[in-house]
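Quick note on labels: first sequence line is chain A, next is B, and so on, each numbered from 1.
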Number of protein chains: 2
Amino acid sequence: MPTAVQATLKSRKSPVQARSTATVEAIFEATVQVLLQSGPERLTTIRVAARAGVSVGTLYQYYPNKQALLFAVLSRHLRLVVEALERACEEHQYRPVGEMIEGVVNAFVDAKLARQDISLALYRIAAGLGADALGADMRKRSTQALTALLRTASEISPSQAEFAAFMLWTTMAGATRAMLESGSPAGMVRRLRQHLVIMGRSYLMSPEIANRTT
Amino acid sequence: MPTAVQATLKSRKSPVQARSTATVEAIFEATVQVLLQSGPERLTTIRVAARAGVSVGTLYQYYPNKQALLFAVLSRHLRLVVEALERACEEHQYRPVGEMIEGVVNAFVDAKLARQDISLALYRIAAGLGADALGADMRKRSTQALTALLRTASEISPSQAEFAAFMLWTTMAGATRAMLESGSPAGMVRRLRQHLVIMGRSYLMSPEIANRTT
DNA sequence: ACCTGAACACCGTTCAAGT
DNA sequence: ACCTGAACACCGTTCAAGT
C-alpha cells in the first residue's frame with residue numbers, strides 16, 4: 001500500500017518512447033551528481049535540468065516537484081540497503097545467533113558504506129515528508145526480515161522476536177549513521193562492526209530475550 | 001571552540017535595552033509556535049515575525065538568517081537533553097553497571113519525551129548544516145559524560161569505556177528517534193526503556209567489554 | 001537603540017507555443 | 001509524444017527611512 005505522499009512524489013508520467021526513458025535517467029543521474037557535487041542547499045531544479053541537458057519544463061514532465069527528485073534518489077538507496085539486509089536474513093536462517101548477527105551486521109554496514117557519499121548526503125535531507133514515510137516503510141521491511149530470521153533461532157523466545165528485531169535495526173542504523181556523520185575514520189568501521197555484533201549477540205542471548213525453555 | 005557555522009548562526013547583536021530582550025524572546029517563542037503549528041515547510045520568516053508581532057527587518061536584526069531561528073530552537077532542545085544525561089551520569093558514578101544503565105536510559109528517554117512534539121519536529125530539520133555541527137557537539141558531550149561514568153564501573157575494562165559510550169549513546173538516540181517517528185504508542189515507551197536497559201547491560205557485561213581482571 | 005516595510009534577488013512551478 | 005523557456009508566485013534578505 002503506497003502512501004499518499006509516495007503517490008505525489010512518483011514520476012508524473014511513464015515514458016513511452018526510448019527518447020524519454022533516456023531523459024528520465026539523465027535527470028535522475030543529474031540529481032545524484034548535483035547532490036554530491038553541490039550539496040542539497042545548491043540543488044535547484046534549473047541546475048539539475050541543465051546538468052541533465054534538458055529544460056526545466058521537461059524535468060517537471062517527469063518529476064512533479066523538487067522533492068520528488070530527492071525522493072527518487074533516497075528511495076533507490078534505501079531499497080538497495082534493505083534488499084541487502086533481506087538477502088542476509090534469508091541466508092542465515094536456522095544458524096546460531098552469533099552467526100546470524102554477524103551476517104546481518106556485515107550486510108548492513110557494507111551496503112551503507114558501499115555508497116557512503118550518498119548515504120551522508122541523504123541523511124541531511126530526510127527532512128522532506130516523503131523521506132519520513134519512506135523511512136518508515138524501510139524500517140518496516142527491515143524489521144520484518146529480521147523478525148522472520150530471529151524466529152528461526154532456537155535460542156530466542158518467539159514472543160520477543162519482533163521487538164528484538166526493532167531494537168537490532170535501530171541499533172545498526174543509528175550507530176552506522178553516527179559513524180558516517182563523524183567522518184568514519186578507517187579504524188572505526190572495523191570496531192563498529194565488532195561492537196555491533198557483540199551488542200546484538202549479548203542482547204539476544206540475555207536471559208530476558210533468550211528462550212528459557214530450550 | 002565554537003564552529004564557524006555556530007558563529008554564523010548566533011544572534012546577530014546582543015540586546016542592550018529591555019525592549020529588545022523581549023523582542024528576541026518573542027521571536028524565539030514565535031519560532032517554536034510556528035514550527036509546531038504550521039510545520040517546518042510553512043515556517044517563513046514573515047510568518048514568524050508576524051507571530052512575534054514585529055516586522056521582518058527586526059527579526060533579521062537579531063537572527064542573521066532563517067536557519068538561525070531553527071538552530072536556536074534545536075540548540076536549546078539538545079542542550080536540555082544533554083544536561084539531563086550529564087546529571088544522570090554524575091549521579092550514578094561507582095554504582096553497579098545495571099543501575100548505571102537504568103539511570104542513564106531513563107534520563108535520556110524522559111528528556112526526549114518531555115518535549116516529544118519538539119523532538120519530532122526537529123528531527124525533520126536536522127537538514128541544515130548548523131544541525132550537523134550541533135549534533136556532533138552534543139554527541140561529543142554525551143559520550144564524554146558516559147565515558148566518565150563507565151570509567152567508574154568496576155566491571156568494565158577502562159580501555160573499552162570510550163567506544164562503549166559511543167555505542168550506548170547511538171543506541172539510545174537511534175531507538176528513541178525510531179520510536180518517536182513511528183508514533184510512539186504508549187506501551188512501546190515502556191518496552192523501549194526495558195530493552196534499552198537489557199541491551200546496554202548485557203553489552204557492557206559481555207566478556208569483550210567487561211574487565212577480565214576483576 | 002530599535003523598528004518598519006517596500007524593494008531586490010532567486011527559486012520552484014506552470015503553460016502556451018514549438019518540433 | 002516530447003520539449004522549450006519566458007512568466008508568475010512566493011520567500012529570504014537588505015537597507016533607507018523612520019521613532
Side-chain angles (χ1 to χ4, degrees), chain A residues 5 8-31 34-35 37-73 125 127-131, chain B residues 5 8-31 34-35 37-73 125 127-131:
Chain A
V5 172
T8 315
L9 296 177
K10 276 249 170 71
S11 293
R12 167 166 285 176
K13 61 187 287 187
S14 2
V16 293
Q17 292 186 1
R19 173 170 49 149
S20 66
T21 313
T23 303
V24 173
E25 272 165 30
I27 296 173
F28 182 93
E29 285 309 322
T31 306
V34 173
L35 180 64
Q37 284 173 25
S38 309
E41 314 83 17
R42 276 183 235 155
L43 187 146
T44 70
T45 50
I46 291 183
R47 212 184 293 257
V48 170
R51 168 66 64 113
V54 297
S55 76
V56 228
T58 300
L59 185 156
Y60 277 92
Q61 215 163 34
Y62 298 103
Y63 295 89
N65 48 52
K66 182 184 168 179
Q67 258 190 51
L69 291 173
L70 297 168
F71 184 86
V73 176
I125 309 175
L129 290 186
Chain B
V5 172
T8 315
L9 296 176
K10 275 248 170 69
S11 294
R12 166 167 287 177
K13 61 187 285 187
S14 2
V16 292
Q17 292 184 1
R19 175 169 47 152
S20 66
T21 314
T23 302
V24 173
E25 273 165 30
I27 295 173
F28 182 91
E29 285 309 321
T31 306
V34 172
L35 180 64
Q37 284 173 26
S38 308
E41 312 84 16
R42 277 183 234 155
L43 188 145
T44 69
T45 51
I46 291 183
R47 211 184 294 257
V48 169
R51 169 64 65 113
V54 297
S55 75
V56 229
T58 300
L59 186 155
Y60 276 92
Q61 215 162 33
Y62 298 103
Y63 294 89
N65 50 51
K66 182 185 170 180
Q67 256 191 55
L69 291 173
L70 298 168
F71 184 86
V73 176
I125 308 175
L129 290 187

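Counting non-hydrogen atoms under 4.0 angstrom, B:Val56 reaches a base of the nucleic acid. Looking at heavy-atom distances under 4.0 Å, A:Thr44 makes contact with sugar-phosphate atoms alone, never a base. No contact: A:Leu59 has no heavy atom under 4.0 Å from any strand.
For A:Tyr60, the side-chain atoms get nearest to C:dT13 when compared with the rest of D:dC3, C:dT13, C:dT4. Comparing atom distances between the A:Lys66 side chain and each of D:dG12, D:dC3, C:dG12 picks out C:dG12 as nearest. Comparing C:dC3, D:dT13, D:dC3 by their nearest atom to the side chain of B:Asn65 picks out D:dT13.
Closest non-hydrogen pair, B:Leu43 versus B:Thr31, comes out as CD1-O, 3.9 Å. Of all non-hydrogen atoms in A:Ala30 and A:Val48, the two that sit nearest each other are CB-O, 3.5 Å. A:Ala26 approaches A:Ala52 most closely through the heavy-atom pair O-CB, 3.7 Å.
Per the geometry, CG belonging to B:Leu69 stands 15 Å off P belonging to D:dC11, to the nearest Å. The nearest whole Å value for the distance from the CG atom in A:Leu70 to the P atom in C:dG12 is 10 Å. Whole-Å rounding puts the A:Gln61 CD to C:dA17 C1' distance at 13 Å. Here the C1' atom of nucleotide C:dA1 and the OH atom of B:Tyr62 are 8 Å apart, to the nearest Å. Here the C1' atom of nucleotide D:dT13 and the CD1 atom of B:Ile27 are 14 Å apart, to the nearest Å. One atom, CZ of A:Arg42, and another, C1' of C:dC11, lie 15 Å apart when rounded to the nearest Å. Here D:dC3 presents its C1' atom at 16 Å from CD1 of A:Ile46, a figure rounded to the nearest Å.
Using modelled atom types, one finds no donor on one side chain facing an acceptor on the other under 3.5 Å when comparing A:Arg42 with A:Gln37.
Within the 4.0 Å cut-off from OP1 or OP2 of C:dC11, not a single side-chain nitrogen or oxygen of A:Thr45 is found. Considering only side-chain N and O atoms, A:Ser55 lies nowhere under 4.0 angstrom from the phosphate OP1 or OP2 of D:dG5.
As the counterpart of D:dC2, C:dG18 is assigned, both hydrogen-bonding distances of the Watson-Crick or G-U wobble pattern falling under 3.5 Å. Both distances falling under 3.5 Å, in either a Watson-Crick or a G-U wobble arrangement, place D:dG12 opposite C:dC8.
In this structure, OH in B:Tyr62 is found 8.0 Å from OG1 in B:Thr21, a value given to the nearest 0.5 Å.
When each of A:Leu43 and A:Thr58 is assigned the nucleotide of DNA chain C bearing its nearest heavy atom, the one mapping closer to the 5' terminus is A:Leu43.
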